[in-house]
Number of protein chains: 2
Amino acid sequence: MGKGEYLGEFEQLVMLALVRLGKVGYGMTVRRELEATSGRSVSIGAVYATLDRLEAKGYLSSSVGDPEPVRGGRGRRTFTMEPDGLVALARSRAVLDKMWDGVRLSDLDVS
Amino acid sequence: MGKGEYLGEFEQLVMLALVRLGKVGYGMTVRRELEATSGRSVSIGAVYATLDRLEAKGYLSSSVGDPEPVRGGRGRRTFTMEPDGLVALARSRAVLDKMWDGVRLSDLDVS
DNA sequence: GAAAGTTTCTACAAACTAGAAGTAATAGGC
DNA sequence: GCCTATTACTTCTAGTTTGTAGAAACTTTC
């Protein structure tokens, strides 16, 4: 029973970005979505490494599309969530929710 | 800007367990709380390694108490959340909430 | 050939995990 | 009263997985 059973912190964020993006999920948009929504800066290498790992686990799949008729229009590798990935994501959320249940931020005295 | 700026997945759970436990937070109770609430099995080494790391970051502090007059009553090392830890925890939650915002589980088709 | 948008590669640091070993107390048999 | 078993807890060791960054390569238009 090694690691790999639970989604890491960044893995969760990457998957959520993908869910939010819907059809247009590929490396660069995942990065932008992540930076925009979470407010943290993200290196492109981190995104692809995580995407690759999640794909290897069967949590998502990718396919390379045709080039776009624009400058730099290299074929994009778009990613799609797989059922297992959705389940893993939902489970991560559920565990966190359970742990937060009954804990109030006011108890935490955060200023 | 290295890693260590954001709480890992397990770090979040350990801190939450500590918050939930209040006064009686030490290695073994953190483990039990984690197993009971999150439903996942947790090795004791994982707990202490994480607790140590969080203490090193200043997110929590520990002190060894007097032995209890019970069998195995070794002095316990109890942990307390530090303000920085509470802030980090709240921030992790906020980011995740933002990313989940607008995403419905029904969209995810989780059976 | 310069520029833009994208992916791949390389390499290292941090986080996670497991379990054995060590420590310190009481309990119970003799 | 002492030995050894048992219980509760912490420390240590060592390996795997995740997370991070940025340079390099690719592919297309300008």
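Predicted model, so just to flag it, every value in this text is computed and none were measured. Throughout, a chain's letter reflects where its sequence line sits, starting with A, and its residues are numbered from 1.
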- prompt: How long is the line joining CD of A:Glu68 and P of C:dT6, in whole Å?
  reply: 9 Å
- request: Using whole Å, report how far CD of A:Glu35 lies from C1' of D:dA21.
  value: 13 Å
field: B:Glu55 side, atom CD; B:Thr80 side, atom OG1 - distance, nearest 0.5 Å
entry: 9.5 Å
task: Using modelled atom types only, decide if a donor and an acceptor are shared between the side chain of B:Arg20 and the backbone of A:Met99 within a distance under 3.5 Å.
output: yes
query: Counting only N and O atoms by type, is there a donor-acceptor contact under 3.5 Å from the side chain of B:Arg77 to the main-chain atoms of B:Gly27?
result: no
- request: Indicate whether OP1 or OP2 belonging to C:dG22 is found under 4.0 Å from a side-chain N or O atom of B:Arg74.
  value: no
- request: Can you figure out which of D:dT20, C:dC16, D:dT18 approaches the side chain of A:Lys57 most closely?
  value: D:dT18
message: By nearest atom, which of the nucleotides C:dA25, C:dT6, D:dT20 is closest to the B:Pro67 side chain?
response: C:dA25
query: With distance as the sole criterion, is a donor-acceptor pair present between the side chains of A:Glu11 and A:Thr50 under 3.5 Å?
result: no
- prompt: Reckon A:Tyr26 has a side-chain N or O less than 4.0 Å from the OP1 or OP2 of C:dT6?
  reply: yes
query: Nearest-Å distance, CD (B:Glu55) to C1' (C:dA15)?
result: 17 Å
Return the polar atom pairs (N/O with N/O) between nucleotides 12-15 of chain D and the protein under 3.5 Å, or none.
none

message: Taking 4.0 Å as the cut-off, does a side-chain nitrogen or oxygen of B:Arg32 come that near to OP1 or OP2 on D:dC9?
response: yes
query: Going by atom types only, do A:Glu33 and A:Thr37 share a side-chain donor-acceptor pair under 3.5 Å?
result: yes
- request: Tell me, please, which residues at least two apart from B:Ala88 pass side-chain contact (heavy atoms from CB on, under 4.5 Å).
  value: B:Leu7, B:Tyr59
So which protein N/O to nucleotides 27-30 of chain C N/O distances come out below 3.5 Å?
from, atom 1, to, atom 2, distance (Å)
C:dA27, O4', B:Arg71, NH2, 3.4

- request: Output yes when at least one side-chain N/O atom of A:Arg40 is less than 4.0 Å from OP1 or OP2 of D:dT20, else no.
  value: yes
- prompt: Given that B:Ser43 and B:Val70 both sit by DNA chain C, which one's nearest nucleotide is further toward the 5' end?
  reply: B:Ser43
field: Along DNA chain C (nearest heavy atom to each residue), the more 5'-positioned of A:Asp52 and A:Gly73
entry: A:Gly73
